[in-house]
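Reviewing the structure listed below.
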Amino acid sequence: MFEPVSAFSGFSFDDQEKTLEFYSKTLGLTVEDNGMGLNIQLPGGGHVFAYPKGKDHTPATFTILNFVVKDINAAVDELVERGITFDRYDEMPAKQDERGIMRGKAANEGPDIAWFKDPSGNVLSVIED
């Protein structure tokens with residue numbers, strides 16, 4: 001019988017030092033190097049495992065982590081101050097504003113969300129609760 005006691009997700013990176021610094025210092029998350037990769041503690045009690053693939057790494061072309069925030073404007077401003085650049089996508093159902101935030105709520109096209117990448121090119125987002 002399939003009875004898991006917990007679950008976690010994972011993704012790869014190409015540079016462990018840059019990944020560790022990004023998730024721990026830039027994003028302010030607790031990150032532990034376990035010798036095989038990085039255990040990243042997520043808000044709310046979950047975690048994700050990031051593992052090295054070196055030159056074989058291919059960045060995820062989809063959003064691998066969504067950080068839920070109460071105030072997307074404040075979150076984007078703070079992340080920009082920390083050196084984050086937000087991505088723009090032409091094919092979104094609602095237009096992104098000058099800060100890179102897709103204003104889905106106002107357009108009745110989903111949440112307010114903004115995307116950015118980690119040092120390995122994996123897509124992350126901040127999304128308003």
Side-chain angles (χ1 to χ4, degrees):
M1 182 181 290
F2 180 70
E3 294 182 12
V5 295
S6 68
F8 65 92
S9 185
F11 61 89
S12 68
F13 59 78
D14 58 6
D15 185 312
Q16 184 158 330
E17 188 175 313
K18 286 181 182 177
T19 301
L20 175 61
E21 183 171 329
F22 178 80
Y23 284 94
S24 65
K25 293 197 165 97
T26 304
L27 297 184
L29 302 173
T30 299
V31 181
E32 299 172 2
D33 182 346
N34 72 2
M36 297 184 303
L38 303 172
N39 282 318
I40 303 169
Q41 300 302 312
L42 300 174
H47 78 277
V48 64
F49 180 68
Y51 54 92
K53 285 201 68 181
K55 293 179 183 182
D56 290 336
H57 167 74
T58 301
T61 58
F62 53 89
T63 309
I64 63 165
L65 283 175
N66 295 285
F67 294 97
V68 179
V69 297
K70 294 287 183 194
D71 182 341
I72 196 166
N73 296 310
V76 166
D77 289 347
E78 185 173 335
L79 290 172
V80 167
E81 287 178 17
R82 294 181 189 188
I84 301 288
T85 301
F86 284 86
D87 297 331
R88 297 198 168 276
Y89 299 99
D90 294 333
E91 68 277 2
M92 289 295 119
K95 298 255 183 216
Q96 288 174 275
D97 67 15
E98 66 281 350
R99 298 155 86 184
I101 301 170
M102 185 188 81
R103 302 292 179 173
K105 288 179 185 175
N108 201 26
E109 293 285 344
D112 290 353
I113 185 169
W115 296 270
F116 60 101
K117 291 186 175 81
D118 73 5
S120 295
N122 296 307
V123 180
L124 313 172
S125 83
V126 288
I127 185 168
E128 191 168 274
D129 184 19

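Remember, predicted model here, so these are calculated numbers, not experimental data.
The environment of K105 atom NZ is dense: over 12 non-hydrogen atoms of other residues, nucleotides or ligands sit within 6.0 angstrom.
A tilted orientation is assigned to the rings of F11 and Y23, their planes being inclined by 30° to 60°.
Residues forming a ring-ring contact (aromatic ring centres under 6.0 Å, His included) with F62 (at least two apart in sequence, or on another chain): none. Under the side-chain contact (heavy atoms from CB on, under 4.5 Å) criterion, Q16 pairs with F13, D33, L38, P52, not counting sequence neighbours.
For the atom pair CG of L42 and OG1 of T30, the computed distance is 10.0 Å after rounding to the nearest 0.5 Å. Distance check, rounded to the nearest 0.5 Å: CG of L65 to CD1 of I40 gives 7.0 Å. In this structure, the separation between CG on N39 and CG on N34 is 5.0 Å, given to the nearest 0.5 Å. With values rounded to the nearest 0.5 angstrom, D118 atom CG is found 5.0 Å from L124 atom CG. Rounded to the nearest 0.5 angstrom, M92 CE and E109 CD are separated by 11.5 Å. To the nearest 0.5 Å, atoms CG (D56) and OG (S12) are separated by 9.5 Å.
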Q96 and W115: CA distance, side-chain angles, deciding distance, side-chain contact (heavy atoms from CB on, under 4.5 Å) verdict: CA-CA 10 Å; Q96 288 174 275; W115 296 270; 3.9 Å; yes
Is there a side-chain contact (heavy atoms from CB on, under 4.5 Å) between F67 and L29 once you walk through the steps? CA-CA 11 Å; F67 294 97; L29 302 173; 3.9 Å; yes
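With salt bridges taken as basic N to acidic carboxylate O contacts below 4.0 Å, one links D77 and R99.
Side-chain N or O atoms of D14 include none that pairs as donor or acceptor with a backbone N or O of S120 at under 3.5 Å. A donor-acceptor pair under 3.5 Å links the side-chain atoms of N122 to the main chain of A60, judged by distance alone. Proximity of a side-chain donor or acceptor of E128 to a complementary backbone N or O of I72 within less than 3.5 Å is detected.
The heavy-atom pair separating A94 from G104 by the smallest distance is CB-CA, 4.2 Å. Of all non-hydrogen atoms in R82 and T26, the two that sit nearest each other are NH1-O, 2.7 Å. In plain terms, the two heavy atoms of A114 and V76 that are nearest each other are CB-CG2, 4.0 Å.
Y51 belongs to a hydrophobic cluster whose other members, connected by ILVMFWY side-chain contacts under 4.5 Å either directly or through intermediates, are F8, M36, F49.
N66 pairs in a side-chain contact (heavy atoms from CB on, under 4.5 Å) with only one of the listed residues (I127, V126, V123), which is I127.
Hydrophobic clustering of Ile, Leu, Val, Met, Phe, Trp and Tyr side chains at less than 4.5 Å, counting indirect connections, keeps I113 apart from V80.
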